[in-house]
*Asks:* 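Submitted below is the structure of interest, expressed as structure tokens.
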Amino acid sequence: SFLNPATITVRAASVAETTRFATATINLVLPAPPPNPVITADGFTNAASFRGASAEGGVSPGEIITIFGTNLGPAVPQTLQLDARGFVANRLGGTRVLFDGVPGIVLYASMNQINAQVPFEIAGKSSVKVTVESAGYDASDPVEMRVADTAPGMFSIDGIRAAALNQ
């Protein structure tokens, strides 16, 4: 491992004929850092209705949201996992969503989409700064979102019929 670019020269000599040798110059360069996650206010939707969070008045405590962007999470999509306590984890595939520094629960993470639950701790605030952290990347620039008291949405089977079960 090296921390700075460097040039090294390698010399290889023949064991059979010690007067024969060759040299090569190798330039060692640092790999480009991975791109940071990128999110915008337009990429926030209610996960059930897919209505834009801005149109709904913002994000709401306890709401399940979908965030669309780039470099958000792992190349291979991952679905929710339980932590050591048996609760749904707030980190998935190295991805976290922070609301004024408070992690939301991450239900799904991929390169271009995250589904997360907004933490209840944002209740009573007028706005919140949201950032996405992804393993191996720096955090996204914060996006300021208004906080709505509620943001109801209905999951559907086909965009028309509700995905609901009445026993």
Side-chain angles (χ1 to χ4, degrees), residues 1 3 30-167:
S1 170
L3 300 176
L30 295 171
N36 293 346
V38 177
I39 57 174
T40 65
D42 291 338
F44 284 70
T45 67
N46 179 301
S49 68
F50 279 104
R51 288 181 49 120
S54 295
E56 297 289 323
V59 295
S60 176
E63 176 186 12
I64 299 174
I65 62 170
T66 297
I67 303 170
F68 295 103
T70 55
N71 309 315
L72 301 181
V76 176
Q78 295 191 17
T79 57
L80 71 88
Q81 295 176 358
L82 302 181
D83 64 17
R85 302 172 301 162
F87 298 132
V88 178
N90 59 21
R91 181 184 306 269
L92 182 60
T95 299
R96 291 194 321 161
V97 182
L98 303 169
F99 299 79
D100 281 347
V102 177
I105 293 171
V106 182
L107 305 167
Y108 174 86
S110 69
M111 286 295 292
N112 300 314
Q113 178 182 338
I114 297 171
N115 292 354
Q117 183 179 20
V118 178
F120 287 97
E121 288 86 345
I122 72 164
K125 294 185 175 194
S126 60
S127 68
V128 65
K129 289 186 180 171
V130 182
T131 56
V132 170
E133 294 178 347
S134 186
Y137 303 96
D138 289 332
S140 69
D141 289 335
V143 170
E144 189 160 357
M145 297 295 296
R146 290 191 342 237
V147 175
D149 290 336
T150 62
M154 180 74 68
F155 286 97
S156 70
I157 296 169
D158 55 10
I160 299 169
R161 295 177 291 158
L165 177 63
N166 182 356
Q167 303 244 18

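FYI, the numbering just counts along the sequence from 1.
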*Asks:* Could you tell me which non-hydrogen atom of Pro152 sits nearest to which non-hydrogen atom of Glu56, and how far apart they are?
*Replies:*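 Residues Pro152 and Glu56, closest heavy atoms: O-OE1, 4.3 Å.
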*Asks:* Does the Asp83 side chain pair with the main chain of Val88, one donor and one acceptor, at a distance under 3.5 Å?
*Replies:*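 No, Asp83 side chain to Val88 backbone: no donor-acceptor pair under 3.5 Å.
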*Asks:* How would you list all residue pairs meeting side chain to side chain donor-acceptor pair (under 3.5 Å) that involve residues 86-98, not counting sequence neighbours?
*Replies:*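 As it turns out, the side chain to side chain donor-acceptor pair (under 3.5 Å) pairs with a partner in residues 86-98, which skip direct neighbours, are Arg96-Glu133.
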*Asks:* As a quick check of understanding, evaluate side-chain contact (heavy atoms from CB on, under 4.5 Å) for Asn112 and Thr70, giving each step before the final call.
*Replies:* CA-CA 5 Å; Asn112 300 314; Thr70 55; 4.1 Å; yes
*Asks:* At what distance, to the nearest 0.5 angstrom, does CZ of Phe87 lie from CG of Leu82?
*Replies:*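 If I round to the nearest 0.5 Å, the distance is 10.0 Å.
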*Asks:* Might you point out which heavy atoms bring Phe99 and Ile65 nearest each other, and give the distance in Å?
*Replies:*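 Minimum heavy-atom contact is CZ-CD1, 3.9 Å.
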*Asks:* Taking only residues two or more places apart in sequence or in another chain, which ones pass salt bridge (charged side-chain N to carboxylate O under 4.0 Å, His left out) with Asp42?
*Replies:*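 With neighbours one apart ignored, the set is empty.
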*Asks:* Counting C-beta onward and ignoring hydrogens, is there a side-chain heavy-atom pair between Met111 and Asn71 closer than 4.5 Å?
*Replies:*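 The answer is yes, as the side chains (C-beta and beyond) meet within the 4.5 Å cut-off.
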*Asks:* For Asn115 and Thr66, test the side chains for any donor-to-acceptor distance below 3.5 angstrom and give the result as yes or no.
*Replies:*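 On atom types as modelled, these side chains qualify, holding a pair under 3.5 Å.
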*Asks:* Are side-chain heavy atoms of Val147 and Pro61 found at a separation under 4.5 Å?
*Replies:*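 Result yes, sub-4.5 Å side-chain heavy-atom pair found.
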*Asks:* Using 0.5 Å steps for rounding, measure from the CD atom of Glu63 to the OG1 atom of Thr45.
*Replies:*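 Separation between the atoms: 8.5 Å.
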*Asks:* Under the salt bridge (charged side-chain N to carboxylate O under 4.0 Å, His left out) test, which residues partner Arg146, sequence neighbours left out?
*Replies:*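 For Arg146 there are no salt bridge (charged side-chain N to carboxylate O under 4.0 Å, His left out) partners, ignoring immediate neighbours.
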*Asks:* Counting distance only, does the side-chain N/O of Ser140 pair as donor-acceptor with the main-chain N or O of Val132 below 3.5 Å?
*Replies:*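 Checked: pair present.
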*Asks:* If you measure from CG on Leu80 to CD1 on Ile105, what distance do you get to the nearest 0.5 Å?
*Replies:*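 Answer for the CG-CD1 pair, Leu80 versus Ile105, is 9.5 Å.
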*Asks:* Hey, what do you get for OG1 (Thr131) to CG (Asp100), rounding to the nearest 0.5 Å?
*Replies:*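 Separation between the atoms: 9.0 Å.
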*Asks:* Val130 and Ile39: which non-hydrogen atoms are nearest, and at how many Å?
*Replies:*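 Closest heavy-atom pair between Val130 and Ile39: O-CD1, 3.6 Å.
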*Asks:* Ignoring hydrogens, what is the shortest heavy-atom contact between Gly57 and Ala148? Give both atom names and the distance.
*Replies:*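 Closest heavy-atom pair between Gly57 and Ala148: O-CB, 3.7 Å.
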*Asks:* Within the supplied structure, the quantity of interest is the number of heavy atoms (other residues, nucleotides, ligands) at a distance under 6.0 Å from Lys125 NZ; does it exceed 12?
*Replies:*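 It does: Lys125 NZ has more than 12 such atoms within range.
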*Asks:* Would the distance check show the side chain of Asn46 and the main-chain N or O of Ala151 forming a donor-acceptor pair, the cut-off being under 3.5 Å?
*Replies:*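 Checking the backbone N and O of Ala151 against the side chain of Asn46, a donor-acceptor pair under 3.5 Å is found.
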*Asks:* Would you confirm whether Ser60, through its side chain, and Asp149, through its main-chain N or O, come within 3.5 Å as a donor-acceptor pair?
*Replies:*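 Checked: pair present.
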*Asks:* So, for Ala135 and Gly93, which heavy atoms are closest and what is the spacing to 0.1 Å?
*Replies:*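 Minimum heavy-atom separation between Ala135 and Gly93: CB-O, 4.3 Å.
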*Asks:* When rounded to the nearest 0.5 angstrom, what is the spacing between CD1 in Ile67 and CD1 in Ile114?
*Replies:*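 CD1 of Ile114 is found 5.0 Å from CD1 of Ile67.
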*Asks:* Over all heavy atoms of both residues, which pair between Tyr108 and Pro77 is shortest? Give the atoms and the distance, please.
*Replies:*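 Shortest heavy-atom separation between Tyr108 and Pro77 comes out as OH-CB, 3.4 Å.
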